[in-house]
Structure formats: structure tokens, C-alpha cells
Amino acid sequence: MARNELRPVIRLRSTAGTGFTYVTRKNRRNDPDRMTLRKYDPVAGCHVDFREER
């Protein structure tokens, strides 16, 4: 049970507007706010910011 509460599964959606998503986990204690990561978007063909959606 503690696994699901402390490290929930989140979806990261591309800010390029392509609709591409990554699925990952995050630690709520270290990152209580929405997470933003710079990752590769294969639809856009470049690295863009991916923002956490809820």
C-alpha cells in the first residue's frame, strides 16, 4: 500500500502539442509540485519539456 501512496504513477505530456506521453513514477516527498522534465518527443523530432498531467 505504501508504494502507491509515496510513489504514484504519473503521465508526462509533451508541451509541443503532439499528444505524446511518457509514464513514470515520482516521489511525492521530494517533488510535491507538478514535475517538468526535458525529454525526446519522437513525433516532433526534438527534445521538448514534458509536464505532469493529473
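All values below were derived from every heavy atom in this structure, side-chain atoms included, with hydrogens, water molecules and symmetry-related copies excluded.
H47 NE2 to D41 CG: the interatomic distance, rounded to the nearest 0.5 Å, is 10.0 Å. Atom OG of S14 is separated from atom CZ of F50 by 4.0 Å, given to the nearest 0.5 angstrom. Summarising the geometry, atom OG1 belonging to T24 is positioned 7.5 Å from atom CG belonging to L37; distances are rounded to the nearest 0.5 Å.
Between N27 and L6, the closest side-chain pair of non-hydrogen atoms falls below 4.5 Å. Inter-residue side-chain proximity for V23 and I10 is flagged as unmet; no heavy-atom pair is nearer than 4.5 Å.
Among R11, K26, R25, R34, the one residue that satisfies the salt bridge (Lys or Arg N to Asp or Glu O under 4.0 Å) test with E52 is K26.
In this structure, the salt bridge (charged side-chain N to carboxylate O under 4.0 Å, His left out) partners of D49, at least two apart in sequence or on a different chain, are R38.
At distances below 3.5 Å, not a single donor-acceptor pair connects side-chain atoms of Y40 with backbone N or O atoms of V48.
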